[in-house]
Amino acid sequence: MFYPIENKESMQKKIGIDCRMIEHSGIGIRIDSLVNALLENNKMFKIYLFGDPKKLIKFSYQAEIIDYQAKIYGIREFFGHVKMLDMDILDIPHFNIPIFFVRKCIVTIHDIIPFKMKEFHGSLLKQVYIKIVFWIILKFSKKVVSVSEFTKKDLIDEFHFSPEKIRVIYNGIDKKIFYPRKIRDIQNFKKKYSLPTKYFLTIGIGKKHKNVEFLIRSLNFVWEKKKRNIPLVVAGIGKEIPEYLKIEASNPNPRVIIFPRVEIEELALLYCGAYFFIYPSLYEGFGFPVLEAQSCCCPVISSNASVLPEVLQNSAYFFDPKSEEDFLKVYLQATKTDSSRMKFIQKGFWNAKRFFWEKSALEVLEEYSLL
């Protein structure tokens, strides 16, 4: 008896990736970079990208683009897209899952900030939503990916996920963007934006858990005592500038400089030109900025909270983000000599090399093959 042989394409496992958040900060970086690395390394699967075709056109030569623009956190996204019926696996980059297709889903969870940081995200409706959605993910999804051991532990402790259900796959850093730049290019960049020769840098997006107000309050004590009077550049501000920043920036000789939004290539120059990158965050699921800074040979003074010691290990100075006294002690230690600064430039640069997107992509592809 003759049996027809299926062609290779029909035998391939179909992978659908939700790319609607590709232009968001954090999650968008992971989607963009990981999809690019997946397509470069994929030899086994048929990849479909769900999202805005205009934003995904650069991937169209290696993947099929499916127009899917349901609003993030909207009712429509619960229903998903009819084409999801055809997928063998759905790779969902955030916990806003298509509930009707959850049994096909690998769900990436970056953090549980809205649940853990209730003082900054106090909406009762949001808390209930997270509890319901995480219960559904726990019970019915194929697999959960966490971007750090810290977030994995949070999921186990707070929502009782089984350790076996979660795989940690770290994010990467784009070494084609974040790398040391020439001194001449850094000098021209500083001149373009009238930046001082020496400055501290921090990045916050207006969210209170980023703890920028604490940093400015702590530095004010340093500045008033004339201890290494180096200004602070604050980048990554959202649409609304917080009141405390407006006050600081309005001084005739501001010690806090609010930096305008720039393209990502210039962000690398901002890192490269900084004396130290200071990150006072109270909670992170991964912490892109500290590793981006290290890739640009900028030494890091970091909060010792949440995931940051995990990704930085011994390559940064650490302080308690709730203690101005501890910050001052670490600040004085870090800025004491150029030799100590150079030591942490080298340590940081080698630490950041541990995180690259090809490794992340190969681990994701491995999960696809196991399911």
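FYI, the numbering just counts along the sequence from 1.
Judged by distance alone, the side chain of Asn211 and the main-chain N or O of Leu282 form no donor-acceptor pair under 3.5 Å. Ser218 places no side-chain N or O within donor-acceptor distance of the main-chain N or O of Glu324, the cut-off being under 3.5 Å. Proximity of a side-chain donor or acceptor of Ser340 to a complementary backbone N or O of Thr337 within less than 3.5 Å is detected.
Around the CD atom of Glu263, the shell of radius 6.0 Å holds no more than 12 heavy atoms that belong to other residues, nucleotides or ligands. Under a cut-off of 6.0 angstrom, the local environment of CD1 in Ile57 is sparse, with at most 12 non-hydrogen atoms contributed by other residues, nucleotides or ligands. Tyr73 OH: more than 12 foreign heavy atoms inside a 6.0 Å radius. Atom NZ of Lys153 has 12 or fewer heavy atoms from other residues, nucleotides or ligands within 6.0 Å.
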### Task
Would you sort out whether Thr108 and His110 count as a side-chain contact (heavy atoms from CB on, under 4.5 Å), showing the intermediate values?
CA-CA 6 Å; Thr108 298; His110 301 258; 3.7 Å; yes

### Query
Run the side-chain contact (heavy atoms from CB on, under 4.5 Å) check on Thr151 and Val307 step by step: do they pass?
CA-CA 8 Å; Thr151 295; Val307 76; 5.9 Å; no

### Glu284 vs Lys210, salt bridge (Lys or Arg N to Asp or Glu O under 4.0 Å): CA-CA, chis, key distance, verdict
CA-CA 9 Å; Glu284 297 290 323; Lys210 296 294 183 181; 2.8 Å; yes

### Query
Going through the checks in order, is the ring pair (Phe, Tyr, Trp, His ring centres under 6.0 Å) test met by Phe200 and Tyr331?
CA-CA 11 Å; Phe200 291 119; Tyr331 168 91; 5.5 Å; yes

### Task
Would you sort out whether Arg20 and Asp18 count as a salt bridge (Lys or Arg N to Asp or Glu O under 4.0 Å), showing the intermediate values?
CA-CA 6 Å; Arg20 288 173 301 143; Asp18 184 350; 2.9 Å; yes

### Message
As a quick check of understanding, evaluate salt bridge (Lys or Arg N to Asp or Glu O under 4.0 Å) for Lys46 and Asp86, giving each step before the final call.
### Response
CA-CA 11 Å; Lys46 178 71 174 172; Asp86 300 333; over 6 Å; no

### Task
Tell me, with the steps shown, if Val107 and Ile109 meet side-chain contact (heavy atoms from CB on, under 4.5 Å).
CA-CA 6 Å; Val107 184; Ile109 298 178; 4.2 Å; yes

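Glu213 and Lys208 are not joined by a salt bridge, as no carboxylate oxygen comes within less than 4.0 angstrom of a charged side-chain nitrogen. With respect to Asp185 and Arg181, no salt bridge is recorded, no charged nitrogen being found less than 4.0 Å from a carboxylate O. Salt-bridge annotation for Glu77 and Lys71: absent, with no side-chain N of the basic residue lying under 4.0 Å from a carboxylate O of the acidic one. A salt bridge between Asp52 and Lys54 is absent, with no side-chain N of the basic residue lying under 4.0 Å from a carboxylate O of the acidic one.
A heavy-atom distance below 4.5 Å is not found between the side chains of Tyr68 and Leu49. When side chains are defined from C-beta on, Pro98 does not count as touching Phe78, because their heavy atoms never get closer than 4.5 Å. Residues Lys104 and Ile89 form no side-chain contact, since every pair of their non-hydrogen atoms from C-beta on lies 4.5 Å or further apart. Within the 4.5 Å cutoff, the side chain of Ile15 has no heavy atoms near those of the Asp88 side chain. For the pair Asp326/Pro321, no side-chain contact is recorded, criterion being any heavy-atom separation below 4.5 Å from C-beta on. Using a 4.5 Å heavy-atom cutoff, the side chains of Phe150 and Asp111 are not in contact. Looking at heavy atoms from C-beta onward, Glu158 lies in side-chain contact with Lys116 at the 4.5 angstrom threshold. In this structure, the side chains of Asn96 and Ile72 come closer than 4.5 Å at one or more pairs of heavy atoms.
The minimum heavy-atom distance linking Ile166 with Lys143 is given by the pair C-CE, 4.4 Å. Across every non-hydrogen atom of Phe327 and Ile278, the tightest pair is CE1-CG2, 4.0 Å. Closest of all the heavy-atom pairs between Ser281 and Ser303 is O-OG, 2.7 Å. Taking both residues in full, the closest heavy atoms of Val330 and Phe318 are given as CG2-O, 3.2 Å, listed atom of the first, atom of the second, then distance. Taking all atoms of both residues into account, the shortest heavy-atom contact from Ile186 to Cys272 is CD1-CB, 3.7 Å. The two residues Lys190 and Thr197 have their closest heavy-atom pair at NZ-O, 2.5 Å.
Linking Ile, Leu, Val, Met, Phe, Trp and Tyr whenever their side-chain heavy atoms come within less than 4.5 Å puts Met84 and Met21 in one cluster. In terms of hydrophobic clustering, with Ile, Leu, Val, Met, Phe, Trp and Tyr side chains grouped at heavy-atom distances under 4.5 Å, Phe349 and Phe277 are assigned to different clusters. Residues Phe356 and Leu365 are members of separate hydrophobic clusters, defined by side-chain heavy-atom contacts under 4.5 angstrom among Ile, Leu, Val, Met, Phe, Trp and Tyr. Under the 4.5 Å side-chain heavy-atom criterion for Ile, Leu, Val, Met, Phe, Trp and Tyr, Trp350 and Met342 are members of distinct hydrophobic clusters. Grouping the Ile, Leu, Val, Met, Phe, Trp and Tyr side chains by contacts below 4.5 angstrom, directly or via other members, places Leu270 apart from Ile183.
Rounded to the nearest 0.5 angstrom, Ser323 OG and Lys329 NZ are separated by 8.0 Å. Distance check, rounded to the nearest 0.5 Å: CD1 of Ile345 to OG of Ser315 gives 12.5 Å. Summarising the geometry, atom CD belonging to Gln62 is positioned 7.5 Å from atom CG belonging to Asn36; distances are rounded to the nearest 0.5 Å. Atom-to-atom distance recorded for Leu232:CG and Ile216:CD1 is 6.0 Å, nearest 0.5 angstrom. Ile92 contributes atom CD1, which lies 8.5 Å from atom CZ of Phe50 (distance to the nearest 0.5 angstrom). How far CD1 of Ile173 is from CH2 of Trp357: 7.5 Å, rounded to the nearest 0.5 Å.
Aromatic ring orientation, Phe214 versus Phe319: parallel (interplanar angle below 30°, classes split at 30° and 60°). Between Tyr317 and Phe276, the angle of the ring planes goes over 60°, which puts this pair in the perpendicular group of the 30/60° scheme.
For the 3.5 Å distance criterion, the side chains of Asp154 and Tyr283 qualify, holding a donor opposite an acceptor. Under the 3.5 Å distance criterion, with hydrogens and angles disregarded, a donor-acceptor pair is assigned to the side chains of Asp91 and Tyr368. Between the side chains of Glu310 and Tyr170, at least one donor N or O sits under 3.5 Å from an acceptor N or O. In summary, the side chains of Asp67 and Gln69 do present a donor paired with an acceptor at a separation below 3.5 Å, with no hydrogens or angles considered. No donor-acceptor contact under 3.5 angstrom links the side chains of Gln294 and Tyr271, judged on distance only.
Listed by first and then second residue, the salt bridge (Lys or Arg N to Asp or Glu O under 4.0 Å) pairs involving residues 353-371 are Arg167-Glu366, Arg167-Glu367, Lys359-Glu363 (not counting sequence neighbours).
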Mind listing the side-chain donor-acceptor pairs of residues 131-141 below 3.5 Å, one per line with the distance, residues two or more places apart or on another chain?
{"residue": "Ser141", "atom": "OG", "partner": "Ile137", "partner atom": "O", "Å": "2.6"}
{"residue": "Ser141", "atom": "OG", "partner": "Lys165", "partner atom": "NZ", "Å": "3.4"}

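Tyr275 carries Lys198 over the face of its six-membered ring, with the cationic atom under 6.0 Å from the centre and within 45° of the normal. Taking the ring axis of Phe344 as reference, the NZ or CZ atom of Lys347 stays within 45° of it and closer than 6.0 Å to the ring centre.
With ring centers used as reference points, Tyr61 lies 6.0 Å or more from Phe59. Phe286 and Phe288 have their aromatic ring centers within a separation under 6.0 angstrom.
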